[in-house]
Amino acid sequence: MGLLSRLSFLVRSKLNALIGRAEDPAETLDYSYQQMRDELTDVEKGIADITAQKKRLEVQRDRLEENIEKHNEQAREAMAQDREDLAKRALEKKQAKRSQAEDLAGQIENLESTQRNLEEKKADLKRDIEQFKTKKETVKARYEAAEAQTRVSEAVTGVGDEMEDVGRAIDQATEKTEEMEARAAALDELEDRGVLDNAMSDQDQIDRELEAGREEQDLEAELETLRESEGKAETEPETKEEAEAEEVKAELEAQVDESEVEAELAELREEESE
C-alpha cells in the first residue's frame with residue numbers, strides 16, 4: 001500500500017470516528033431535551049416579565065383611582081363653597097384620570113390574558129418535557145443495548161468498519177514485516193557473498209577469500225597427517241610378540257619355498273639320467 005493510500009486510510013478512519021460520534025442518537029436526544037428545557041426557561045422568563053409589567057400597571061391604576069376619588073371630593077367641596085369654577089376643574093381632572101385608568105385596565109387585562117396563555121403553554125411544555133424525558137431514556141437504553149450487541153457481534157464475526165480497519169492494519173503490518181524480512185535476508189546474502197563489506201571489520205573480500213584458502217590448506221594438511229598415521233599403523237606391528245610372529249612366519253615361508261626348489265631340481269636330475 002502506497003503512502004497516499006495509507007494517508008487516505010488514516011483520514012477516513014478519523015472522519016468515520018468523528019461522524020459516528022456526531023450521529024450518536026443519545027447525544028441527539030440529550031440535545032433536543034436541553035432545547036426543550038431552554039424553551040421552558042424562556043417561557044418562565046416571559047411569564048415573570050409580564051407579571052412584573054402587570055404589577056407596575058396595577059400600581060399606576062390604583063394611584064389613578066385614588067386621584068379620581070380625590071378630585072371627586074374636591075368638586076364636592078368647591079360646590080359647597082359656591083366655587084363652581086373649581087368644581088368644574090376638579091371634575092375635568094377626575095374625568096382625565098378615569099380615562100387613563102380605563103386604558104390601564106385594558107392593558108392589564110391584555111397582560112393577564114397573555115400571562116394565562118403562557119402559563120397554559122408552560123404546563124403543556126412541562127408535560128411534553130416529562131414525556132420526552134421518559135421516551136429519551138428508553139430510546140437511549142435500547143440504543144446502548146443494540147450498540148453493545150452490535151459491537152460484540154462485529155467482534156465475533158469480524159465484520160463492520162472497525163474490524164475492517166483492524167484487518168487493514170494487520171495487512172499493512174504483515175506487509176511491512178515481510179518487506180523488512182526480505183530486506184534483512186537480502187543483506188545477509190550480499191554480505192555472505194562478499195558484495196557488502198562489514199563496516200565493523202577491517203577485512204575486505206580479498207582478505208576473506210585468502211583466509212578461506214588458508215583454512216582449506218590447514219584442513220587438507222590435517223587429513224594427510226591422518227592418512228599417513230593410518231598407513232603406518234597397518235604396516236608396523238603394534239607389539240613385540242607380533243614382530244616375533246612375523247619373523248617365524250617369514251622363515252617358514254622361506255623353508256617351504258626352498259623345499260619346492262629342491263624337489264624340482266631332483267626331478268630335473270632324474271630326467272637327465274634317463
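Judged as a side-chain hydrogen bond (donor to acceptor under 3.5 Å, both in side chains), the pairs with a partner in residues 87-96 (not counting sequence neighbours) are, in order, N72-K94.
When all heavy atoms of K140 and L29 are compared, the closest pair comes out as CG-CD1, 3.9 Å. Across all non-hydrogen atoms, the minimal contact from L111 to I50 is O-CG2, 3.4 Å.
The number of heavy-atom neighbours closer than 6.0 Å to CD of E112, taken from other residues, nucleotides and ligands shown, is above 12. Other residues, nucleotides and ligands contribute only 12 or fewer heavy atoms inside 6.0 Å of the CG atom of D82. Surrounding CE of M36 are more than 12 heavy atoms belonging to other residues, nucleotides or ligands, all under 6.0 Å away.
The NZ atom of K54 sits 9.5 Å away from the CZ atom of R61 when rounded to the nearest 0.5 Å. From Q74, atom CD reaches atom CD of E77 across 8.0 Å, with rounding to the nearest 0.5 Å. Atom-to-atom distance recorded for K126:NZ and R37:CZ is 8.5 Å, nearest 0.5 angstrom.
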- Residues E44, L40; criterion side-chain contact (heavy atoms from CB on, under 4.5 Å); working and verdict: CA-CA 6 Å; E44 291 175 343; L40 178 62; 4.0 Å; yes
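Side-chain contact check for D38 and Q34: at least one donor-acceptor pair (N or O, by modelled atom type) lies under 3.5 Å.
Between E224 and R227 there is a salt bridge, since a side-chain N of the basic residue sits under 4.0 Å from a carboxylate O of the acidic one. Salt bridge annotation for R116-E119: absent, with no cationic side-chain nitrogen under 4.0 angstrom from a carboxylate oxygen.
In terms of the salt bridge (charged side-chain N to carboxylate O under 4.0 Å, His left out) criterion, E109 has no residue partners (sequence neighbours excluded).
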